[in-house]
Amino acid sequence: MPPPRVVVLNPHHFYQPYDRERRAAEALGATFHADGPPDDALLAETTVLLTHQAPIDRAMLDRLLACKLIVSYSTGTDHMDLGAAAERGI
C-alpha cells in the first residue's frame, strides 16, 4: 500500500512553500505534493486534499478514489458538493 498522500489541488503563491503543511504530513508518514496541479494518477492516490476554493463537485470526487479528508483554505463550503462527499465517506 502506498503511503498516505497529502495533495494541494490548486497551489497558491501566498502559501508556498507550504512548510507547515509539509512538516505535518511528513511527521505522519505521508508524502506532500504542492508543486503544481496534480495529474489524475496522483489524484486517485490522494488521501487528504487541500484546496483554495476550487470547485469540488461530483466529477472531481469521482477522481479522488482514496480521499478521506478535504481541507479548504477558504471560508465556507459553497464550492463543495457535500452530499456527494458524504456518499463517499469524506
- In Å and rounded to the nearest 0.5 Å, what is the CE to CD distance from Met80 to Gln53? 9.5 Å
- Task: Measure the spacing between CZ of Arg22 and CZ of Arg20 and express it to the nearest 0.5 Å.
- Result: 14.5 Å
- Message: Can you confirm whether or not the ring centre of Phe14 sits under 6.0 Å from the ring centre of His52?
- Response: no
- Message: Please evaluate residues Val71 and Thr51 with respect to the criterion side-chain contact (heavy atoms from CB on, under 4.5 Å), reporting the C-alpha separation (whole Å), side-chain torsions for both, the decisive distance (0.1 Å), and the verdict.
- Response: CA-CA 6 Å; Val71 177; Thr51 183; over 6 Å; no
- Message: Using the rule given for side-chain contact (heavy atoms from CB on, under 4.5 Å), can you reason through His33 versus Glu45, listing the C-alpha separation, both sets of side-chain angles and the distance that settles it, and then say yes or no?
- Response: CA-CA 11 Å; His33 307 271; Glu45 295 179 349; over 6 Å; no
State, with a plain yes or no, whether a side-chain heavy atom of [X] is found less than 4.5 Å away from one of [Y].
{"X": "His12", "Y": "Tyr73", "result": "no"}
{"X": "Arg88", "Y": "Asp62", "result": "yes"}
{"X": "Leu9", "Y": "Leu50", "result": "no"}
{"X": "Ser72", "Y": "His79", "result": "yes"}

Under the 3.5 angstrom rule, does the side chain of [X] hit a backbone N or O of [Y] as a donor-acceptor pair?
{"X": "Thr47", "Y": "Val6", "value": "no"}
{"X": "Arg63", "Y": "Ala59", "value": "no"}
{"X": "Gln16", "Y": "Ala34", "value": "yes"}

- Message: When you group the ILVMFWY residues by side-chain heavy-atom contacts below 4.5 Å and let the links chain together, are Leu82 and Ile56 in the same group?
- Response: yes
- State, to 0.1 Å, how close Pro11 and Pro37 come at their nearest heavy-atom pair, and which atoms those are. CD-N, 4.3 Å
- Message: Walk me through whether Tyr18 and Val8 qualify under side-chain contact (heavy atoms from CB on, under 4.5 Å).
- Response: CA-CA 9 Å; Tyr18 293 91; Val8 180; 3.6 Å; yes
- Message: For Cys67, run the side-chain contact (heavy atoms from CB on, under 4.5 Å) check against Ile90, Val48, Leu61 and tell me which one passes.
- Response: Ile90
- Message: Please determine whether side-chain contact (heavy atoms from CB on, under 4.5 Å) holds for the pair Leu69 and Leu49, giving the CA-CA distance in whole Å, both sets of side-chain angles, and the decisive distance to 0.1 Å.
- Response: CA-CA 6 Å; Leu69 175 69; Leu49 184 72; over 6 Å; no
- Query: Hey, are Thr31 and Arg5 close enough side-chain-wise for a donor-acceptor pair under 3.5 Å?
  - Reply: yes
